[in-house]
Amino acid sequence: MKKNENIIWQEGKVDYEERCRLLGQRGLVVWFTGLSGSGKSTIAVELEKMLVQEGQACYLLDGDNIRSGINSDLGFSEEDRNENIRRIAEIAALFRDAGIITLVSFISPFREMREFARKKAGVGSFIEVYVSTDFATCKERDPKGLYKKEIRDFTGKDSPYEKPLHPELVLDTVNHSPEECAGKVLQEIKKYLANVEVHHD
């Protein structure tokens, strides 16, 4: 995308480190990816509750919720799916810069766009969580009734889903409950927070 020469970045007087000191935590993007019905949102909702109970500032960005608002103008073509992820990656990066632990629950079927999100969040500030539930199980669950409909370009059926090659965490929702899966992600977040010190002046 060509840079607009009339746009000039406005520097502030409060930086990332100051925002982190204020909150007593570092910003982080936890990106849940997987098929529709895999359990991404259910786990993310449980995790958000756990984090708040532990005193962490966090926020959940859910695919359907975002498509009901800021991305309501997008369809499900490959181009629109990529734009959907581009926008949410930019938003998640802003949340991270604010020092917030940001949970992102999007199918995000293409590796290229998930890698884009990782780069936007920054080195050491991104945890990719692959909710690895297979298509048959998701179809059987069908919590939103989407698999019963004849939806064009449906991910995993007519449109491809590119599995993560090296996710930080893989979750098995067939043999583990949403609470157990959320607990595993929480432990991963704690490991991250333990390895990144927040400096208090």
Side-chain angles (χ1 to χ4, degrees), residues 1 27-48 58-97 100-139 141-144 146-147 151-173 178 181-182 184-185 188-189 192:
M1 184 179 294
L28 177 66
V29 175
V30 183
W31 194 284
F32 292 85
T33 179
L35 296 174
S36 177
S38 61
K40 301 181 302 298
S41 295
T42 303
I43 295 167
V45 166
E46 288 294 331
L47 178 59
E48 183 182 34
C58 65
Y59 196 82
L60 169 58
L61 299 170
D62 180 80
D64 279 357
N65 294 354
I66 296 297
R67 277 188 174 273
S68 297
I70 194 169
N71 287 353
S72 61
D73 59 323
L74 298 176
F76 292 91
S77 66
E78 182 171 337
E79 182 180 1
D80 279 3
R81 286 172 186 265
N82 285 340
E83 176 61 13
N84 185 43
I85 299 306
R86 188 197 69 79
R87 291 182 192 179
I88 199 62
E90 296 280 3
I91 293 170
L94 291 174
F95 273 66
R96 177 263 173 192
D97 191 49
I100 304 296
I101 297 173
T102 311
L103 313 179
V104 179
S105 174
F106 276 63
I107 293 172
S108 43
F110 304 121
R111 293 190 193 107
E112 181 181 3
M113 294 311 296
R114 296 196 299 267
E115 190 59 30
F116 173 83
R118 181 185 291 274
K119 289 178 180 177
K120 275 291 171 182
V123 176
S125 297
F126 189 91
I127 296 174
E128 185 177 36
V129 180
Y130 174 37
V131 185
S132 66
T133 316
D134 61 89
F135 183 85
T137 301
C138 292
K139 184 177 180 180
R141 289 175 179 173
D142 200 15
K144 299 174 183 177
L146 297 178
Y147 287 84
I151 298 176
R152 187 178 177 182
D153 296 327
F154 194 77
T155 302
K157 182 183 178 183
D158 307 312
S159 183
Y161 175 81
E162 299 173 354
K163 297 179 181 180
L165 298 177
H166 305 289
E168 279 72 20
L169 200 60
V170 178
L171 299 180
D172 173 9
T173 65
C181 290
K184 290 184 178 183
V185 185
E188 190 70 22
I189 292 172
Y192 163 82

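Quick note: residue numbers are just sequence positions, from 1.
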Closest approach of [X] to [Y] (non-hydrogen atoms, all atoms of both residues):
X	Y	result
C181	I43	CB-CD1, 3.7 Å
R81	F76	NE-O, 2.9 Å
L60	A44	CD1-CB, 3.6 Å
L165	R111	CG-NE, 3.5 Å
S41	S105	OG-OG, 3.1 Å
A121	V29	CB-CG2, 3.8 Å

> By side-chain hydrogen bond (donor to acceptor under 3.5 Å, both in side chains), which residues pair with T102, not counting sequence neighbours?
Replying inline: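 Scan of T102 (side-chain hydrogen bond (donor to acceptor under 3.5 Å, both in side chains), adjacent residues dropped) gives none.
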
>> Enumerate the salt bridge (charged side-chain N to carboxylate O under 4.0 Å, His left out) contacts for residues 119-131, please, sequence neighbours excluded, ordered by first and then second residue.
In response: E90-K120, R114-E128, R118-E128

Please tell me if the side chains of [X] and [Y] come closer than 4.5 Å, counting only heavy atoms from C-beta onward.
X	Y	result
F32	S108	no
W31	P167	no
I70	I91	yes
F116	I85	no
V129	K40	no
T133	L35	no

> Who pairs with F95 by ring-ring contact (aromatic ring centres under 6.0 Å, His included), at least two apart in sequence or on another chain?
Replying inline: Y59

With rounding to the nearest 0.5 Å, note down the distance linking [atom1] in [X] to [atom2] in [Y].
X	Y	atom1	atom2	answer
N84	R86	CG	CZ	10.5 Å
L47	L103	CG	CG	5.0 Å
I100	C58	CD1	SG	8.0 Å
I127	Y192	CD1	OH	8.0 Å

Distance-only, no hydrogens or angles: does the [X] side chain make a donor-acceptor pair with backbone N or O of [Y] under 3.5 Å?
X	Y	result
T173	S38	yes
T33	I107	yes
R67	D62	no

> Do R87 and E83 meet the salt-bridge criterion of a basic N to acidic O distance under 4.0 Å?
Replying inline: yes

>> Would R96 and F126 count as a cation-pi pair here, with the cationic atom under 6.0 angstrom from the ring centre and within 45° of the axis?
In response: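 Output no; distance or angle outside limits.
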
